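Since the structure comes first, as structure tokens, the remarks are kept for the end.
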Amino acid sequence: MKKVLVTGGAGYIGSCVVEKLLERGHHPVVFDTFFWGYSPVEAYRSRATFYEGDVRNSRDIVHALQGCDAVIHLAGLVGAPACDNNPLAHFTTNVESTNTLINCMTDPEVGLVRDFVYCSSCSIYGNVAGIYDQVDEDTPFMPLSSYADGKIKAERIIFDKAKAIPHFTPTVLRLTTIFGWSPRPRLDLVTNLFAHKALNEGRITIFGNGLQYRSLIHVWDVADALVHALDTPRYLRDRQVFHVGEEENNVTLRWLAEKVKEYVPGTEVEYSSEVSTDRRDYQINCQKIKNALNWRASYSAEAGLKEMVEKLREGNINPDAPEWRNNGHNYQ
Ligand SMILES: NC(=O)c1ccc[n+]([C@@H]2O[C@H](COP(=O)([O-])OP(=O)(O)OC[C@H]3O[C@@H](n4cnc5c(N)ncnc54)[C@H](O)[C@@H]3O)[C@@H](O)[C@H]2O)c1
């Protein structure tokens, strides 16, 4: 059993990670500001440790780290709009806190914690249409947003520290775009958003011709990959970068919208000539994680979409409430 600090443990991915850790016999320490409340992880309260804190605060971090064997770092402002609207919080949380966290993990006075799994994003590849058919972990970065730029900076901090500190053994997982239902659903991610728009407005708007590719992965697959990475022998993952995705889930927005129409009949798909602020276009190669860590995704994009439509139809959440979207949150 490992005691694992999960920063951002009450979020969309984090709440699934907590359950996966428990399933595999580990003890999660849920470390979060709880911006979205406690309810996503309330069910785990008796089996996990909860710590309300800020990843930018070394005092909070050193206390929460006591007795931990590993860290899964998820806390942050997620997505380009949230980062653009809150540039100072973006820098301090998404970039600088990586430094603080690793300094606390690796200081011998505080207690060494070697294993660190960081959630980066394939957004760092930007738009590679016409340049690369698929991107692998060595493809050059072309960030198109402050969010993606912050992920690159955080990765650099991690690998610079790993060069300087031999006993620090990080793993970076670059996630494709997530979809699917979680204890803290998010409706600002493309698949989930399309399902919501189809059900509530009967219409999906796509900026451009819809032939831009997105690479998709279910949130429970992501949680599984994060815990799987931690459970893998260290020599296989030490200082490695892995994409978390599935090639079959490399789909165009047009494909996704057409699929939504199958599950929500009557949905209109509108193509707008307005230029989207999100110009990402890439297909992700995910062979490395399959070969080196023997990990595969289990959900198809279609299965996740169907599940999302069903969950939204059940009506357990008010889809118009602000807490299901990160874009409008005022981060300090
Ligand atoms: N969702 C995606 O498609 C996606 C894709 C690639 C990478 N990621 C990365 O995965 C991680 C988690 O994303 P998510 O989708 O679960 O987002 P989320 O917003 O649901 O979760 C983030 C959590 O971090 C917490 N948090 C924010 N600032 C904090 C701080 N200063 N101190 C402590 N906690 C803080 C929030 O309260 C929230 O619970 C992020 O690092 C994100 O960049 C997400």
Side-chain angles (χ1 to χ4, degrees), residues 5-18 29-41 50-61 64 71-83 86 88-98 100-101 117-125 145-155 158 172-180 182-193 214-223 225-226 243-245 249 278 280 284 304 322-332:
L5 183 74
V6 188
T7 75
Y12 179 55
I13 303 172
S15 51
C16 300
V17 168
V18 169
V29 179
V30 183
F31 182 98
D32 206 296
T33 45
F34 296 94
F35 284 148
W36 318 114
Y38 281 81
S39 61
V41 283
F50 282 23
Y51 196 108
E52 186 167 336
D54 191 316
V55 274
R56 296 169 290 185
N57 183 332
S58 55
R59 181 196 158 279
D60 291 347
I61 295 283
V71 174
I72 295 178
H73 183 33
L74 295 160
L77 280 65
V78 189
C83 295
N86 304 275
L88 303 186
H90 162 55
F91 175 75
T92 53
T93 313
N94 290 358
V95 180
E96 201 43 38
S97 80
T98 319
T100 310
L101 184 51
V117 181
Y118 176 68
C119 262
S120 187
S121 164
C122 288
S123 295
I124 62 178
Y125 299 115
S145 65
S146 57
Y147 171 66
D149 190 53
K151 288 291 182 194
I152 294 170
K153 287 181 175 139
E155 285 196 20
I158 293 164
V172 168
L173 299 188
R174 289 188 192 139
L175 314 181
T176 51
T177 300
I178 308 179
F179 61 89
S182 123
R184 193 246 144 181
R186 280 184 57 193
L187 299 182
D188 50 359
L189 297 160
V190 64
T191 313
N192 302 353
L193 177 73
R214 283 289 184 285
S215 296
L216 303 172
I217 185 82
H218 197 285
V219 63
W220 282 101
D221 275 332
V222 170
L226 286 162
H243 288 160
V244 179
N249 290 345
D278 186 351
R280 285 177 299 162
I284 301 296
E323 63 257 41
W324 317 125
R325 292 164 191 80
N326 291 11
N327 306 355
H329 188 73
N330 182 18
Y331 294 88
Q332 296 299 315

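None of the values given here were measured: they were computed from a predicted structure. Ligands are counted one by one from 1 in listed order, and the atoms in each one are counted from 1 as well.
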**OP:** With rounding to the nearest 0.5 Å, note down the distance linking CD1 in Ile13 to CG in Asp221.
**Re:** 12.0 Å
Original post:
Say you draw a straight line from CD1 of Ile178 to CZ of Arg186; how long is it, rounded to the nearest 0.5 Å?
Top reply: 7.5 Å
Subject >> Residue contacts for ligand 1, heavy atom to ligand atom, distance under 4.0 Å >> reply: Gly8, Ala10, Gly11, Tyr12, Ile13, Asp32, Thr33, Phe34, Phe35, Trp36, Gly53, Asp54, Val55, Arg56, Leu74, Ala75, Gly76, Val78, Thr93, Cys119, Ser120, Ser121, Tyr147, Lys151, Leu175, Thr176, Ile178, Arg184, Arg186, Leu189, Asn326
Partner residues of [X] under the salt bridge (Lys or Arg N to Asp or Glu O under 4.0 Å) criterion, sequence neighbours left out:
X: Glu323; value: none
X: Asp60; value: none
X: Arg184; value: none

**OP:** Return yes if some donor-acceptor pair links the side-chain N/O of Asp32 with the main-chain N/O of Ala10 below 3.5 Å, else return no.
**Re:** yes
